[in-house]
Amino acid sequence: MKQTKTFKVRVRDRHAPLLRQMARGVNFVWNYLNELSSRAIRERGLFLSAYDMDRYTQGSGKALGLHSQTLQEVSREYATRRKQFRKARLNWRKSGVSVARWAGFPSNQAPLDGRTGRSATTATASRCGTATA
């Protein structure tokens, strides 16, 4: 069984510019996948899977300042939401709007207490003294 953990984290002011830049990158990828998926449906009548969309975003992580796993997570999330809402095209994601949004951080890349490389659930469980399933 897959478990999802959600963390509320206070972001320090010194990290805000980096997180804003990463959020803009995630929004750009989301909007690109939205346009790509819409065009594939219109021209070929084909719904692209997350795997298919990964090929189109390959190599763009360096220019956007995002990890390749983050790009894959965004395409997986996009394909899931498109299936969930049964739409050929989802809403655009806008930068600069002050609302809580989803950001695709792979669990082994999310910084927690200045460390990376450990799963967030493992780090929390080891600190709290509990085991995760």
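Computed from a predicted model, the values in this text were never measured in an experiment.
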Give, for atom OG of S68 and atom CD of Q58, the distance between the pair rounded to the nearest 0.5 Å.
-> 9.0 Å

How far apart are the closest heavy atoms of V26 and L66, and which atoms are they?
-> N-CD1, 3.7 Å

Contacts of type side chain to side chain contact (heavy atoms under 4.5 Å, CB included), residue S37, not counting sequence neighbours = I41, Y78, R82

With S75, the side chain to side chain contact (heavy atoms under 4.5 Å, CB included) member among T70, T80, D54 = D54

Closest approach of L71 and S60, non-hydrogen atoms and distance?
-> CD1-OG, 3.7 Å

Looking at CZ of R24 and CG of L64, how far apart are the two atoms once the value is rounded to the nearest 0.5 Å?
-> 11.5 Å

Is F47 linked to L33 within one hydrophobic cluster, defined over Ile, Leu, Val, Met, Phe, Trp and Tyr using a side-chain heavy-atom separation of less than 4.5 Å?
-> no

Report yes or no: do V29 and L18 belong to one cluster of Ile/Leu/Val/Met/Phe/Trp/Tyr joined by side chain heavy-atom distances under 4.5 Å?
-> yes

State which residues pass side-chain hydrogen bond (donor to acceptor under 3.5 Å, both in side chains) with S49; sequence neighbours excluded, sorted by chain then number.
-> D52

Is it true that the side chains of Q84 and R81 contain a donor and an acceptor less than 3.5 Å apart?
-> yes

Considering all heavy atoms, the nearest Q21-G65 contact = NE2-CA, 3.9 Å

Using the test side-chain hydrogen bond (donor to acceptor under 3.5 Å, both in side chains), find all partners of R76 that sit at least two apart in sequence or belong to another chain.
-> E73

Are more than 12 heavy atoms from other residues, nucleotides or ligands located less than 6.0 Å from atom CZ of R39?
-> no

Could you tell me whether a side-chain N or O of N31 sits under 3.5 Å from a main-chain N or O of N27, the two making a donor and an acceptor?
-> yes

